2 protein chains.
Amino acid sequence: MGITERKEREKAEMRRRIVDAAIDMFVAEGYEKVSIRNIADKIEYSPATIYLYYKDKDELLYDVQAEAFGKLAAYFKAKVTAADVLERLEQLALAYFDFSQEYQELYDLMFIIKAPMNTVEEDEEWKNGLEAFSYLRDIMTECVEKKLVRFPDPMTATLSIWAFIHGFISLNLRCRIKIAQLDVLALPAFVRSCVKHYVETIKA
Amino acid sequence: MGITERKEREKAEMRRRIVDAAIDMFVAEGYEKVSIRNIADKIEYSPATIYLYYKDKDELLYDVQAEAFGKLAAYFKAKVTAADVLERLEQLALAYFDFSQEYQELYDLMFIIKAPMNTVEEDEEWKNGLEAFSYLRDIMTECVEKKLVRFPDPMTATLSIWAFIHGFISLNLRCRIKIAQLDVLALPAFVRSCVKHYVETIKA
DNA sequence: GGAATAAATAAACACCGTTCATTATCTTTG
DNA sequence: CAAAGATAATGAACGGTGTTTATTTATTCC
């Protein structure tokens with residue numbers, strides 16, 4: 001009985017088509033400008049069809065997020081190569097920043113926009129970011145345990161550095177940093193230097 | 001000829017009514033759930049009337065932001081009372097955090113949502129946040145000049161501490177911090193302690 | 001008081017996410 | 001193989017959004 005298997009496969013393929021189209025459009029135009037109708041147009045199906053595979057837009061976004069977090073984890077895997085844990089920390093911090101610059105719209109829907117965390121609230125899992133988060137947490141835990149950084153505990157360390165970098169990125173993506181009247185072209189380099197400086201600062 | 005003056009006054013009063021209603025509703029329900037039609041209902045005018053006083057929703061939001069930044073500046077004025085500049089720094093950092101917790105929806109539209117920064121992009125001013133920003137910048141400048149903190153320059157100092165606190169706040173408001181699986185009830189206290197720890201860390 | 005001006009609105013436009021009754025396609029059974 | 005049943009896809013609609021326009025209502029000026 002290969003039929004039910006084929007149906008499963010076709011269902012999965014359709015979800016793939018939808019997610020792929022969605023990601024492409026999100027990357028190109030940003031979350032807010034992409035509608036279910038647009039996505040349906042792109043894959044040449046009716047809008048209603050999408051609702052046969054996703055119960056609502058949030059559920060679709062959840063899959064898109066998962067994909068994006070996969071990208072981030074791959075980014076880490078490629079760029080965090082050092083053996084020394086302090087070097088790994090700096091590589092990780094800069095890789096995170098670089099990712100946010102290369103995939104601004106993905107970063108937006110991973111870390112800034114409200115949706116789909118409403119849906120996730122009940123799940124209490126939010127498994128999506130876990131791999132990427134673990135990358136940072138493991139490094140920080142090792143740093144704290146070896147007393148290489150000036151933090152009281154691993155959780156404070158992990159969230160502090162995450163918050164620091166995310167703070168810069170999101171203030172920048174949302175144009176709030178504009179108030180500092182810095183040269184816009186020099187901004188990425190400036191932020192990068194701030195991140196580097198922070199990593200230096202926290203070393204014991 | 002008091003007529004033109006009265007007309008001006010009436011126009012200003014109408015804008016006040018609109019902004020006041022908008023703020024109330026934003027605070028109560030959040031930016032995304034408030035529509036022009038809702039606001040029009042509240043002030044008992046037709047939706048189209050609002051467009052006689054604001055060219056679009058972004059322009060209205062700009063005024064709402066101005067109001068919110070006024071609130072923040074007042075918050076600073078009330079809470080940053082110390083004479084010692086390092087104490088002022090800690091007071092300011094905690095006041096900023098407390099403001100974000102007391103007025104979550106305002107913080108959202110001041111620092112996180114995309115609108116109305118699209119509109120502002122041309123202005124290049126974004127005067128709204130300047131008073132609040134200056135508060136921080138002045139303190140950090142003094143700290144750097146007196147070599148009380150470990151930053152290479154005032155701008156790095158100012159943006160670093162802002163990014164750090166904003167990072168925590170926005171990760172929390174957007175539920176991304178959930179991935180750390182901390183106790184939700186203990187979170188505000190935890191974040192507060194992280195902020196305090198950071199302020200200690202940067203001291204020379 | 002009547003013409004000119006200004007203010008307010010109802011109705012419409014073009015979108016949006018989502019639902020539902022209907023149609024088309026495929027699978028199973030007699 | 002054809003008919004019946006299940007599944008997939010859709011067109012049309014619902015109630016919502018921000019915004020525009022033609023029309024009506026109110027005010028000012030002569």
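Only this structure's heavy atoms are used, side chains among them; waters, hydrogens and symmetry mates stay out. Every chain is numbered from 1, with letters handed out A, B, ... down the list of sequences. These numbers were taken from a predicted model, which means no experiment stands behind them.
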Among D:dT10, D:dT21, C:dT18, the one nearest any side-chain atom of A:Thr49 is D:dT10

Mind telling me whether A:His166 and B:His166 have parallel, tilted or perpendicular rings, with 30° and 60° as the class edges? parallel

Nucleotide C:dA11, atom P - distance to CD1 of B:Ile36 in whole Å: 20 Å

Between B:Thr141 and B:Asp138: side-chain donor-acceptor atoms closer than 3.5 Å: no

Calculate, to the nearest 0.5 Å, the distance between atoms CD1 and CZ belonging to B:Ile39 and B:Arg17 respectively. 14.0 Å

When you measure from the side chain of B:Leu52, which nucleotide among C:dA10, C:dG17, C:dA8 comes out closest? C:dA8

Just compare D:dT17, C:dG17, C:dT9 and give me whichever is closest to any side-chain atom of B:Ser35. D:dT17

Taking CD from A:Glu8 and P from D:dA8, how many angstroms apart are they, rounded to a whole number? 10 Å

Find which nucleotide of DNA chain D each of B:Pro47 and A:Glu44 is nearest to by heavy atoms, and output the residue with the more 5' nucleotide. A:Glu44

In whole Å, I'd like the distance from the CZ atom of A:Arg37 to the C1' atom of C:dA14. 10 Å

Proximal nucleotide (of D:dT19, C:dG17, D:dT20) relative to the B:Lys57 side chain: D:dT19

What integer distance in Å separates B:Ile18:CD1 from D:dT19:P? 13 Å

Rounded to the Å, how far apart are A:Glu10 CD and C:dT25 C1'? 12 Å

Can you confirm whether or not the ring centre of A:Phe69 sits under 6.0 Å from the ring centre of A:Phe111? yes

Rounded to whole Å, please give me the gap between CG in A:Asp58 and C1' in C:dT18. 13 Å

Quick one: label A:Tyr53 by what it contacts on the DNA or RNA (base, sugar-phosphate, nothing), any heavy atom closer than 4.0 Å. sugar-phosphate

Between CG of B:Asp56 and P of D:dT17 the distance, given in whole Å, is 17 Å

So, is A:Asn38 near the phosphate of C:dC15, with a side-chain N or O under 4.0 Å from OP1 or OP2? no

Quick one: B:Ile39 CD1 to D:dG16 C1', roughly how many Å, whole number? 15 Å

Looking at A:Ser46, does any N or O in its side chain come under 4.0 Å of the phosphate oxygens OP1/OP2 on D:dA9? no

From the list C:dT18, D:dT10, D:dT19, which nucleotide is the closest neighbour of the side chain of A:Tyr51? C:dT18

Taking atom CH2 of A:Trp162 and atom CZ of B:Phe168, what is their separation to the nearest 0.5 Å? 9.5 Å

